[in-house]
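See below for the structure under consideration.
Numbering of ligands and ligand atoms starts at 1, following listing order.
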Amino acid sequence: MKGHKILIVGGAGYIGSHVALAFQEAGATVVVLDNLSTGRRENLQPGMELIEGDLQLPGLLADLFRGHFDGVIHLAAQKAAGESMVKPELYSRQNLIGSLNLLEAYAKQPQSRLIFSSTAAVYGNPVRLPMDETHPTAPVNFYGFTKLAIEGYLDWYGRLRGMQFAALRYFNAAGYDALGRIQGLEKNPQNLIPVVMEVAKGWRKNLQVFGNDYPTSDGSGVRDYIHVSDLGRAHVAAYRRLIETPGNLTVNLGTGKGYSVFEVIEETRRVSGRPIPHEVVPRREGDPPEVYASAQLAKETLGWQARESDLSNMIESTWNCYKNLP
Ligand code: WQD
């Protein structure tokens, strides 16, 4: 890994910056391409080069790939499932066309290897749990569809252009770097944990719990939360695997364990010492009761498993980024 030059597309974002940090810690030279629409410059570490731009500029990409990269990690995307159902054109342009521009520019390079940020949303509603990589893929939102479609293009670019790839299907990303090296809050968060943090800070009046009548331990929704630092390590492990072993990978990144909404609320109350006012409202359309991964294939093929993804650690490391803000 030492001296490998890695391009991280979307590397100024919440997950991307943790992936960039993991590659830098593994000895790689990190170059970040980001349009800073949601990413933050301050999420980057000293020594990282930032190229401000985005995937809608084939000319910029052509120039960029005149230089050599040993690997490309592609995390740039719009990722709000709900929003994707009302703005499919935005998600087509940003996620699909953006990715195709990237593939076209990069596949010209001999020995191209790409790691793609995919998502458990490609599966849609669980038909069995834990969800392993053979689970049917039937996305129930347009965001998940775009990610599955891009996986399909990767497969064909693999066949026709010899591009080697790993598609990593994240479950629910959470937490922040334990050493506080990344503190940038997501802009306009929709996900549970940042919303709970905003309630703890008093920036939001209360949390709406989308249903407490699910067939789960306490009636609220259960999800497989995975620490972004664990995700970062998984990307490095996937890159090492691509270098060492021919062939492609499609792997879930989760813990195999789920936490409920009420457990997240209770842990945030304990860690922050703040009340978390909340009200139960009707279920959100499209929400499955319970989602959690089988992490077996990642363990077997990447020698990776989550180790920072216990709930207290994810909540404490996140609260660290909020607690001192006004
Ligand atoms: C988690 C739980 C909600 C907000 C989404 C995308 C998925 C991926 C991760 C990108 C659920 C409950 C939430 C709130 C609540 N994104 N909730 N009140 O829906 O599991 O997955 O983010 O890859 O593609 O679909 O995450 O954080 O929205 O919800 O009760 O204000 O919290 O019902 O049970 P989700 P989430």
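- In the model, E83 has a side-chain atom that pairs as donor or acceptor with a side-chain atom of Y91 under 3.5 Å.
- Looking at Y143 next to ligand 1, an N or O pair under 3.5 Å apart turns up.
- Annotation: K87, atom NZ; neighbour count of heavy atoms from other residues, nucleotides and ligands within 6.0 Å does not exceed 12.
- Shown in contact with V209 at under 4.0 Å from a heavy atom are these atoms of ligand 1, numbered in order with element: 30 (O).
- Here the options are F23, W304, Y170, the test is ring pair (Phe, Tyr, Trp, His ring centres under 6.0 Å), and the partner is H235; only Y170 passes.
- Considering backbone and side-chain atoms alike, F210 places an N or O below 3.5 Å from some N or O of ligand 1.
- Around the NZ atom of K205, the shell of radius 6.0 Å holds no more than 12 heavy atoms that belong to other residues, nucleotides or ligands.
- For atom 12 (C) of ligand 1, the closest non-hydrogen atom of the protein is V261 CG2, 3.7 Å.
- What sits closest to atom 33 (O) of ligand 1 on the protein, heavy atoms only, is D287 OD2, 2.7 Å.
- Under a 4.0 Å N-O distance rule, the pair R283/D287 does not qualify as a salt bridge.
- Only one option out of Y106, F116, Y153 pairs with H74 in a ring pair (Phe, Tyr, Trp, His ring centres under 6.0 Å); it is F116.
- Below 3.5 Å of separation, one finds an N or O of L192 facing an N or O of ligand 1.
- Counting atoms of ligand 1 from 1 in the listed order, those under 4.0 Å from a heavy atom of T119 are 23 (O), 24 (O).
- With respect to the salt-bridge test (charged N to carboxylate O, under 4.0 angstrom), the residues E25 and R233 do not qualify.
- Side-chain polar atoms of N191 and Y14 form no donor-acceptor pair below 3.5 angstrom.
- Taking any N or O of N172, backbone or side chain, at least one lies under 3.5 Å from an N or O belonging to ligand 1.
- Counting only non-hydrogen atoms, the option in K79, R284, R223, Q208 that gets closest to atom 29 (O) of ligand 1 is R284.
- With respect to atom 25 (O) of ligand 1, the closest heavy atom belonging to the protein is A81 CB, 3.5 Å.
- Atoms of ligand 1 lying under 4.0 Å from any heavy atom of A121, numbered from 1 in the order shown and given with element: 24 (O).
- Distance CG/L33 to CG/L75: 11.5 Å, rounded to 0.5 Å.
- Of all protein heavy atoms, the one lying nearest to atom 5 (C) of ligand 1 is N191 ND2, 3.7 Å.
- Proximity of Y225 to ligand 1 is established by a heavy-atom distance of less than 4.0 Å.
- Close approach to L207 involves these atoms of ligand 1, each under 4.0 Å from a residue heavy atom: 31 (O).
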